[in-house]
Amino acid sequence: MEKILMFFLLSFVILFEQAGAQSGSLYYRSSVHNGNRVKTVFGNWGVIGQPVDSRPRGAWKYETNGYIGDVSLFVGAEVNMPNNVKFHSVVTCPVARPTKNPDASPSGDPWTFMPVAGYFNPDPDKNKSIAMNDDPNSWPAQWPDKMNDPTDPGWAGSWNGYFGKRASANQESYFVMDDNNDLRFNYAGNNTVNGIGVAFKPDSLNPSRNGLGLSVSVRGMQWNQTLAQDNIFWLYEITNHGTTTYNRAVFGMLVGTYVGVTGNTDFKEYDDDWSFYDVRENITYTGDYPRNNSRNPFWVGPVGMVGYAFLESPGNPYDAIDNDGDVDKWVPASLNRKFASSDFDSTLVKAGD
């Protein structure tokens, strides 16, 4: 059976920083990842498979063979206020899908993650794209998160790669979003918790910071090598910019599959989809029954499956030790020991490398 596997690599990193930037729908940009046999539109407000237009939506092999309606991140935390007031906030992405309770204010302003300015070329005459490594015209003049580099502030003219001024994959994207527009619990008139309205501020040093004080840097990565050509990897780094410590936090993915979709043309092919979670392999996948998308006249070839899996969340990404122990299932029992730093090679990264 042919199948498509789209893996999502999430890195959950809670750090404390003092930073601030503008964010909002004014900075919406979208692009297409097509670095291998997976092709999909995505938006810098955190949604894969949208905006809904003529571009491919989680397509495999052929742009008309779409498998994705929408995929997006959500992050939640428990907040402890004075006088034993406690509330839970879940920050979502603005997704175009049927819902009775949208994450928005009464006037319609999104209470969600929103794209942060500065991470793409803002000139609308030259660029309408998210920053992509293979399109230097989409890059900003300077990268806001690299302004503190003493040797090259802002990395002007260089790609903002995960391992430095280079791309690690054949095709990469990069953007940042934050929850500063999620005002649900920042002003007493927007909520009721235990019969009262709470006015929570996540940063005691910056009263203008709203939401939970979170930002998320997002990287999409595609390799065209044979073993990876049917995959797209997403790396999410979540940072707490405020002064509030969250002792309990969660994150996850909202996945809406649509095996048989082509761009914005709806042939009602979603009504015979099925999904299954494989506990042993920790992967959820969706297929079509009876593997027939004949209602879509643009469909080409057989019908495959789309899979999505959480790969890794490092406990400490800097000590070369598998802190969360999830590699144990792959270590032969005969070794009967944990990995140690001596099991890993090391290299010296000099300034400018």
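Residue numbers run from 1 in the order of the sequence given.
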> Transitively linked via ILVMFWY side-chain contacts under 4.5 Å: Ile130 with Met177?
Replying inline: yes

>> When you group the ILVMFWY residues by side-chain heavy-atom contacts below 4.5 Å and let the links chain together, are Trp60 and Ile232 in the same group?
In response: yes

> Do His241 and Ser215 meet the criterion of a side-chain donor-acceptor pair at a distance under 3.5 Å?
Replying inline: yes

> For the residue pair Tyr162 and Arg219, what are the closest heavy atoms and their distance?
Replying inline: N-NH1, 3.5 Å

> Are Asn210 and Lys201 linked by a side-chain donor-acceptor pair shorter than 3.5 Å?
Replying inline: yes

>> With a 3.5 Å distance limit and no angle check, can you tell me whether Thr40 reaches the backbone of Gly58 through a side-chain donor-acceptor pair?
In response: yes

>> Measuring from atom CG of Asn206 to atom OG1 of Thr243, what distance do you get when rounded to the nearest 0.5 angstrom?
In response: 9.5 Å

> Are any side-chain N or O atoms of Gln229 and backbone N or O atoms of Trp223, one a donor and one an acceptor, separated by less than 3.5 Å?
Replying inline: no

> What residues form a side chain to side chain donor-acceptor pair (under 3.5 Å) with Ser105, not counting sequence neighbours?
Replying inline: Ser107

> What about Tyr174 and Ile48, same hydrophobic cluster or not, with Ile/Leu/Val/Met/Phe/Trp/Tyr joined at side-chain heavy-atom distances under 4.5 Å?
Replying inline: no

>> Nearest 0.5 angstrom please: Arg209 CZ to Thr244 OG1, how far?
In response: 10.5 Å

> Got Asn293 and Val259 here, is their nearest side-chain heavy-atom distance under 4.5 Å?
Replying inline: yes

>> Apply ring-ring contact (aromatic ring centres under 6.0 Å, His included) to residues Tyr67 and Trp299 and explain how you reach the verdict.
In response: CA-CA 11 Å; Tyr67 289 77; Trp299 192 269; 5.5 Å; yes

> Any donor and acceptor pair, going by atom type alone, linking the side chain of Gln222 with main-chain N or O of Asn34 inside 3.5 Å?
Replying inline: yes

>> Quick test of your reading of the model: are Asp152 and Lys165 salt-bridged, counting only N-O distances below 4.0 Å?
In response: yes

For residues 79-87, which side-chain N or O atoms pair as donor and acceptor with protein atoms under 3.5 Å away, sequence neighbours left out?
none

> How close do Tyr246 and Pro202 get, heavy atom to heavy atom, and via which atoms?
Replying inline: OH-CB, 3.8 Å

>> So Phe251 and Phe310, do their side chains get closer than 4.5 Å, heavy atoms only?
In response: yes

> Stepwise, does the side chain to side chain contact (heavy atoms under 4.5 Å, CB included) test hold for Val176 with Val216?
Replying inline: CA-CA 6 Å; Val176 176; Val216 185; over 6 Å; no

> Do the ring centers of Tyr277 and Tyr308 come within less than 6.0 Å of each other?
Replying inline: no

>> Set out, in order, the CA-CA distance, both residues' side-chain angles and the distance that settles side chain to side chain contact (heavy atoms under 4.5 Å, CB included) for Leu254 and Thr92, then state yes or no.
In response: CA-CA 9 Å; Leu254 172 66; Thr92 64; over 6 Å; no

>> I'd like to know if the side chain of Thr112 and the backbone of Cys93 have a donor-acceptor N/O pair within less than 3.5 Å.
In response: no

>> What verdict does the side-chain hydrogen bond (donor to acceptor under 3.5 Å, both in side chains) test give for Thr257 and Asp273, after you've listed the backbone C-alpha separation in whole Å, the side-chain angles of each residue and the deciding distance to 0.1 Å?
In response: CA-CA 8 Å; Thr257 55; Asp273 291 354; 4.5 Å; no

> Does one side chain, of Asn160 or Trp155, offer a donor that lies under 3.5 Å from an acceptor on the other?
Replying inline: no

> Hey, would you say the Phe175 and Trp143 ring centroids sit under 6.0 Å apart?
Replying inline: no

> If you look at every heavy atom in Ser23 and Asp178, which pair is closest and at what distance?
Replying inline: OG-OD1, 2.7 Å

> Under the side chain to side chain contact (heavy atoms under 4.5 Å, CB included) criterion, do Trp45 and Ser25 qualify, and how do the steps go?
Replying inline: CA-CA 8 Å; Trp45 53 97; Ser25 59; over 6 Å; no

>> Please find the pair of heavy atoms, one from Gly157 and one from Trp139, that lie closest to each other, and give the distance.
In response: O-CZ3, 3.6 Å

> When rounded to the nearest 0.5 angstrom, what is the spacing between CZ in Phe163 and OG in Ser168?
Replying inline: 5.5 Å

> When rounded to the nearest 0.5 angstrom, what is the spacing between CE in Met221 and CG in Leu235?
Replying inline: 5.5 Å

> Do you see a donor-acceptor pair shorter than 3.5 Å between the side chains of Asn296 and Glu269?
Replying inline: no

>> Is it the case that atom OH in Tyr28 sees more than 12 heavy atoms from other parts of the structure closer than 6.0 Å?
In response: yes

>> Taking Val38 as the starting point, is it possible to reach Ile68 by hopping between hydrophobic residues whose side chains are less than 4.5 Å apart?
In response: yes

> If you round to the nearest 0.5 Å, how far is CG of Asn240 from CG of Leu214?
Replying inline: 6.0 Å

> If only atom types and distance count, is the side chain of Asn36 paired as donor or acceptor with the main-chain N or O of Asn231 below 3.5 Å?
Replying inline: yes

> Can a cation-pi geometry be assigned to Arg295 and Phe267, taking NZ or CZ under 6.0 Å from the six-membered ring centre and within 45° of the ring axis?
Replying inline: no

> Hey, quick one: are Phe113 and Met253 part of the same hydrophobic cluster, counting side-chain heavy atoms closer than 4.5 Å, chains of contacts allowed?
Replying inline: yes

>> If we ignore hydrogens and angles and just use 3.5 Å, is the side chain of Asp179 paired with the main-chain N or O of Leu212 as donor and acceptor?
In response: yes

> Going by an N to O cut-off under 4.0 Å, is there a salt bridge joining Lys268 and Asp266?
Replying inline: yes

> Which heavy atom in Asp135 sits nearest to a heavy atom in Ser138, and how many Å separate them?
Replying inline: O-OG, 2.6 Å

> So, Ser30 versus Arg55: side-chain donor-acceptor pair below 3.5 Å or not?
Replying inline: yes

>> I'd like to check the side chain to side chain contact (heavy atoms under 4.5 Å, CB included) partners of Phe276; sequence neighbours left out, ordered by chain and number.
In response: Trp274, Asp278, Tyr285

>> Just so I know, are the side chains of Arg57 and Val52 near enough to count as touching, which here means a heavy-atom distance under 4.5 Å?
In response: yes

>> How long is the straight-line distance from CG of Asn133 back to CD of Glu172, given to the nearest 0.5 Å?
In response: 5.5 Å

> According to the salt bridge (Lys or Arg N to Asp or Glu O under 4.0 Å) rule, which pairs have a member within residues 182-194, sequence neighbours left out?
Replying inline: Asp103-Arg184

> Side chains of Arg166 and Trp159: closer than 4.5 Å at any heavy-atom pair?
Replying inline: no

> Does any pair with a residue in residues 117-132 pass side chain to side chain donor-acceptor pair (under 3.5 Å), and if so which ones, sequence neighbours excluded?
Replying inline: Ser31-Ser129

>> Could you check whether any side-chain N or O of Asn44 sits under 3.5 Å from a backbone N or O of Arg29, counting only pairs where one atom can act as donor and the other as acceptor?
In response: yes

>> Would the distance check show the side chain of Gln171 and the main-chain N or O of Gly35 forming a donor-acceptor pair, the cut-off being under 3.5 Å?
In response: yes

>> On a heavy-atom basis, which atom in Val193 and which in Asn191 lie closest, and how many Å separate them?
In response: CG2-OD1, 3.7 Å

>> Would you say Gln22 and Tyr27 are linked by a side-chain donor-acceptor pair, where the criterion is simply a distance under 3.5 Å?
In response: yes

>> I'd like to know whether Lys61 forms a side chain to side chain contact (heavy atoms under 4.5 Å, CB included) with Lys39, so could you lay out the CA-CA distance, the side-chain angles of the two residues, the decisive distance to 0.1 Å, and finally the verdict.
In response: CA-CA 8 Å; Lys61 289 189 177 181; Lys39 308 164 182 32; 5.9 Å; no

>> Closer than 3.5 angstrom, by distance alone: can the side chain of Asn186 be matched with the main-chain N or O of Gly211 as a donor-acceptor pair?
In response: yes

>> Under the rule for ring-ring contact (aromatic ring centres under 6.0 Å, His included), what residues qualify as partners of Tyr258, not counting sequence neighbours?
In response: Tyr270

> Is a side-chain donor or acceptor of Asp149 paired with a backbone partner of Pro153 at a separation under 3.5 angstrom?
Replying inline: no

